[in-house]
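All ligand and atom numbering here is 1-based and tracks the order in the structure.
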Amino acid sequence: VKTVVDKQIGGPCNPKIRKGESKVVDTVDIEELGNKAVFCRCWRSSKFPYCDGTHNQHNVACGDNVGPLIVKKKD
Ligand code: FES
């Protein structure tokens, strides 16, 4: 457990999104999501909090494996 905690202290996970805010919080109304919404979890999307596919470049550049959170209605 200590090793995992040490790695997390290495630096911020958010490199540039709304750095002037003390905490980045987004609220999305469920009624406005439609059938599917794709949310960014890599903190590099230009459409944050939505995914724009930038996680692919991030993963290649640094060997990471992050991807989006997909919220969808059942078929
Ligand atoms: Fe961040 Fe897709 S751009 S998860």
**Report entry** Residue pair Trp43 / Pro15, side-chain heavy-atom distance below 4.5 Å
**Finding:** yes
**Report entry** Interfacing atoms of ligand 1 (cut-off 4.0 Å, heavy-atom, Cys42)
**Finding:** 1 (Fe), 3 (S), 4 (S)
Report task. In sequence, state the C-alpha distance, the side-chain angles, and the governing distance for Val38 and Leu69, and then conclude on side-chain contact (heavy atoms from CB on, under 4.5 Å). Result -> CA-CA 6 Å; Val38 184; Leu69 167 67; over 6 Å; no
Report task. Would you check, one step at a time, whether the test side-chain contact (heavy atoms from CB on, under 4.5 Å) holds for Phe39 with Asp26? Result -> CA-CA 11 Å; Phe39 293 95; Asp26 297 290; over 6 Å; no
Query raised in the report: For the residue pair Arg18 and Val25, what are the closest heavy atoms and their distance?
Result: NH2-O, 3.4 Å
Report task. Show which atoms of ligand 1 fall inside a sub-4.0 Å distance from at least one heavy-atom site of Asp52. Result -> 3 (S)
Report task. For Pro68, take its heavy atoms, then give the atoms of ligand 1 lying under 4.0 Å from any of them. Result -> 4 (S)
Requested in this report: Tell me which N, O or S atom of His55 sits nearest to atom 2 (Fe) of ligand 1.
Outcome: ND1
Report task. Tell me, yes or no, whether the heavy-atom count around Lys19 atom NZ, taken from other residues, nucleotides or ligands under 6.0 Å, exceeds 12. Result -> yes
Report task. Tell me whether Cys40 has at least one N, O or S atom under 2.8 Å from atom 1 (Fe) of ligand 1. Result -> yes
**Report entry** Atoms in ligand 1 flagged as close to Arg41, the criterion being non-hydrogen separation under 4.0 Å
**Finding:** 1 (Fe), 4 (S)
Report task. May I ask you to check if any N/O/S atom from Cys51 comes under 2.8 Å of atom 2 (Fe) of ligand 1? Result -> yes
Requested in this report: Check each atom of ligand 1 against the heavy atoms of Ser45 and keep those under 4.0 Å away; list them by number with element.
Outcome: 3 (S)
Report task. Check the pair Lys36, Ile70 against side-chain contact (heavy atoms from CB on, under 4.5 Å), reporting the backbone distance first and the verdict last. Result -> CA-CA 7 Å; Lys36 179 179 170 183; Ile70 301 172; 3.8 Å; yes
